[in-house]
Amino acid sequence: MSLVKRCRPRRPGGLPALLVGALALASGLAGGPASAAPQSTLHDLAAARGRYFGSATDNPELSDAAYAAILGSEFGQITPGNSMKWDTTEPVRGRFNFAKGDVITDFAQQHGQTVRGHTLVWHSQLPGWVDSLPAAQVETAMTDHITAEATHFRGEVAAWDVVNEPFNEDGTFRTSPFYTSMGSDYIATALRAAHAADPDAKLYINDYNIEGKGAKSDAMYNLVSELLAEGVPLDGVGMQAHLAIQYGFPYQMRANMQRFADLGLDVAVTELDVRMQLPADTAKLATQSSYYAQAVDACLAVERCVGITIWDYTDKYSWVSSTFPGEGAANLYDDNLTPKPAYDAVRVALGGEADGGDDGSTPGALKVQYRSNDTSAGDNQIKPGLQLVNTGTSAVSLPSVTVRYWFSGDNGATAYGSWCDWSPLGCSTVTHRVVTASTPKAGADHYLEVGFASGTLAPGASTGEIQLRLSKTDWSNFDESDDYSHGTGTSYADASKITVYAAGDLIWGIEP
């Protein structure tokens, strides 16, 4: 097959459909005053916030007509799961086959979608001939491969994951034929080759477990800082976000995104899913909904977070069950292509209504933020500061809402007192009590339950700070250092280990 493919006509000005649509809305390009399109899909909602919302897909799935209909209508961007990887596109050195990738780009053209190319250089899914190359030949083979593929899809791929998963969990560079032969310089070489082949495509480095702050994301931050200082063409960082409810939400995801954005880079959530240990149940699905909503919230809060791609939208075609035995149910739609509670959570987080109408208590419509008002984690009082934020589009009736701050009683008295010291709502409207957990766990054998006697919370509004305090009746000391909900931050931040309930249903946070 020829290395240079025919180029289809691009959209006006060569811009992706999302950007053209956004400009048209902003300036009335269609003539007359601009008017917002009906926000009926996830991508519509995201586009109204200046983002895209996409899904991964793969060639076998496109033969499923019902699946393809949703893929083509609900999402504005698609990523091929496998059809652009090296073992598919160059199984024999110098012999290229882009047919499967062409199917994906054709589908995207037919449905007005942009495409994220995935991936040009990766340690996995390499044909055997790459691993067998003498070290002196690896650089040439890599740049030839990048040049051929990026040239073939030029004008049809808006962004490339040029280098995928370069790091180990501890932040050291992962061993691969490329690293072995070139050291870390292979990354800059790959980016330069991709830019030369397609100067208009956005170029990314993509990895997993870099969504929150930690050793791996620090290593990525240091790498991209060095690349930018050297003038290497790099436009963004892709955060895969393969999450699992049993491991906690990524630490400081929003702040982590922001530090990359502050370098002048775009950030994209590229492979989002949220798995759980099977079987799924109402509580697990609620926690999953909270994770999805928090990921969307983080992206929306960072101006240079350009969009979110879920790693296929349905459990029917998820990679999770075959990779993590006993886990699954990770996607927004179930095996029957029916939206799950997480789908509504994403809609609400994007500023829309839940499917069928948002009653204000849909998962994702409320979140809780926390700061520590304690000067000591070992004194005789616990002093959490809490505030609720309505992230939905409808008012929330506060008497239906309760919040649980989880802690351990340690030694001493088993009876407690609790107080509201201050709240802009008025402490007379804030109810509070200490409850023994029905299933005590380390760091969480009790919880402070906070409720409301009256009031509503408008869309986008916050309750403001609620200063709370509790103690044991004998005023003996606590050890808060291992308490489930305790944190040391002195500024308000989203708190996934404090749970929120509406009419008794978990709608935010992760129970211990």
Taken to the nearest 0.5 Å, the spacing of Thr89 OG1 from His145 NE2 works out to 4.0 Å
Tell me whether the NZ or CZ atom of Arg116 lies within the 45° cone about the ring axis of Tyr52 and under 6.0 Å from its centre. no
In terms of ring plane angle, is the pair Trp406 and Tyr447 parallel, tilted or perpendicular, where the classes change at 30° and 60°? tilted
Under the 3.5 angstrom rule, does the side chain of Asn256 hit a backbone N or O of Ile210 as a donor-acceptor pair? yes
About how many Å separate CD of Gln369 and CG of Leu388, when rounded to the nearest 0.5 Å? 9.5 Å
Got a donor-acceptor contact below 3.5 angstrom from the Tyr416 side chain to the Leu470 backbone? no
Are any non-hydrogen side-chain atoms of Leu265 and Leu234 less than 4.5 angstrom apart? yes
Should Thr499 and Tyr501 be marked as a side-chain hydrogen bond (donor to acceptor under 3.5 Å, both in side chains) after you check the CA-CA gap, both sets of side-chain angles, and the distance that decides it? CA-CA 7 Å; Thr499 49; Tyr501 305 80; 3.1 Å; yes
Work out which heavy atom in Leu366 is nearest to a heavy atom in Thr391; give both atom names and the distance. N-OG1, 4.0 Å
Within a 6.0 Å radius of atom CD on Gln125, are there more than 12 heavy atoms belonging to other residues, nucleotides or ligands? yes
Can any side-chain N or O of Thr287 pair as donor or acceptor with the backbone N or O of Ala283 at less than 3.5 Å? yes
Between Thr338 and Asn336, is any side-chain donor less than 3.5 angstrom from a side-chain acceptor? no
Considering all heavy atoms of both residues, which atom of Ile310 and which atom of Leu332 are nearest to each other, and what is their separation? CD1-CD1, 3.7 Å
So how far is it from Gln113 CD to Gln77 CD, rounded to the nearest 0.5 Å? 8.5 Å
Checking Asn59 side chain against Lys100 main chain: does a donor-acceptor pair fall under 3.5 Å? yes
Check whether Tyr313 reaches the backbone of Tyr67 with its side chain - one donor and one acceptor, N or O, closer than 3.5 Å. yes
Using side-chain heavy atoms (C-beta onward) and a distance below 4.5 Å, is Asp344 in contact with Ser289? no
For the residue pair Ala190 and Val163, what are the closest heavy atoms and their distance? CB-CG2, 3.9 Å
Pair Arg259-Asp218, salt bridge (charged side-chain N to carboxylate O under 4.0 Å, His left out): steps then yes or no: CA-CA 10 Å; Arg259 66 170 172 164; Asp218 288 347; 2.9 Å; yes
Thr119 side-chain N/O to Asp161 backbone N/O, donor-acceptor pair under 3.5 Å: yes
Aromatic centroids of Tyr186 and Phe173 separated by under 6.0 Å: no
Check for me whether the distance between the ring centres of Tyr370 and Tyr492 falls short of 6.0 Å. no
Can you confirm whether Pro127 sits close enough to Val130 that some side-chain heavy atom of one is under 4.5 Å from a side-chain heavy atom of the other? yes
Look at atom CG of Asn411 and say whether more than 12 heavy atoms of other residues, nucleotides or ligands are closer to it than 6.0 Å. no
So, do Lys202 and Val306 sit near enough that their side-chain heavy atoms are less than 4.5 Å apart? no
When you measure from the side chain of Gln252 to the backbone N and O of Lys213, does any donor-acceptor pair fall under 3.5 Å? no
Any sub-3.5 Å donor-acceptor pair from Asn164's side-chain atoms to Trp122's backbone N or O? no
Can you give me the closest heavy-atom contact between Phe53 and His43, atom names plus distance? N-ND1, 3.2 Å
To check you understand the geometry: which heavy-atom pair defines the closest contact between Ile187 and Pro166, and what is its length? CD1-CB, 4.1 Å
Is there a side-chain contact between Asp297 and Arg254, using heavy atoms and a 4.5 Å cut-off? no
Does this structure show an ion pair linking Asp235 with Arg304, if we count only N-O contacts that are shorter than 4.0 Å? no
Check the pair Ile382 / Asp483 against side-chain contact (heavy atoms from CB on, under 4.5 Å), numbers first and verdict last. CA-CA 10 Å; Ile382 297 175; Asp483 283 358; 4.0 Å; yes
Are any of the side-chain heavy atoms of Thr436 and Asp445 separated by less than 4.5 Å? no
Does the plane of the ring in Phe98 sit parallel, tilted or perpendicular to the ring in Phe96? Use 30° and 60° as the thresholds. parallel
For Thr314 and Tyr317, indicate whether the former's side chain and the latter's backbone hold a donor-acceptor pair under 3.5 Å. no
Please determine which of Asp315, Asp334, Asp273 meets the salt bridge (Lys or Arg N to Asp or Glu O under 4.0 Å) test together with Lys340. Asp315
Cation-pi between Lys497 and Tyr484: NZ/CZ under 6.0 Å from ring centre and within 45° of the ring axis? yes
Between His446 and Phe407, is the gap from one ring center to the other below 6.0 Å? yes
Check this for me: does any side-chain nitrogen of one of Lys316 and Asp64 sit under 4.0 Å from a carboxylate oxygen of the other? yes
Check whether any side-chain heavy atom of Val115 lies under 4.5 Å from a side-chain heavy atom of Glu156, and answer yes or no. no
Describe, in one word, how the ring planes of Trp311 and His118 are oriented to each other, choosing from parallel (under 30°), tilted (30 to 60°) and perpendicular (over 60°). perpendicular
Step-by-step side-chain hydrogen bond (donor to acceptor under 3.5 Å, both in side chains) determination, Ser372 to Asp374: CA-CA 5 Å; Ser372 175; Asp374 266 330; 4.8 Å; no
Mind checking the CZ-CG spacing from Arg404 to Leu448? Nearest 0.5 Å is all I need. 11.0 Å
Over-ring placement of Lys216 relative to Tyr208, 6.0 Å and 45° cut-offs: yes
I'd like to know if the side chain of Ser73 reaches the main chain of Ala69, judged simply by a donor and an acceptor atom lying under 3.5 Å from each other, with no hydrogens or angles considered. yes
Would you check if the distance from the ring center of Tyr292 to the ring center of Tyr343 is below 6.0 Å? no
Can you name the closest pair of heavy atoms from Phe249 and Ser496 and give their distance? CB-OG, 4.1 Å
So Thr79 and Thr270, side-chain contact (heavy atoms from CB on, under 4.5 Å) or not? Walk me through it. CA-CA 9 Å; Thr79 302; Thr270 56; over 6 Å; no
Could you walk me through whether Phe178 and His123 pass the side-chain contact (heavy atoms from CB on, under 4.5 Å) test, one step at a time? CA-CA 8 Å; Phe178 316 106; His123 70 276; 5.8 Å; no
For the CG atom of Asp102 and the CD atom of Gln109, what is their distance to the nearest 0.5 Å? 11.0 Å
Could you check if a side-chain atom of Asn209 sits within less than 4.5 angstrom of a side-chain atom of Glu211, using non-hydrogen atoms only? yes
If you apply the rule side-chain contact (heavy atoms from CB on, under 4.5 Å), what do you find for Val302 with Met253, and how did you get there? CA-CA 10 Å; Val302 176; Met253 184 174 185; over 6 Å; no
Could you measure the distance from the CG atom of Leu62 to the CG atom of Leu71? Nearest 0.5 Å is fine. 6.5 Å
Measure centre to centre between the rings of Phe324 and Trp319, then say whether the value is under 6.0 Å. yes
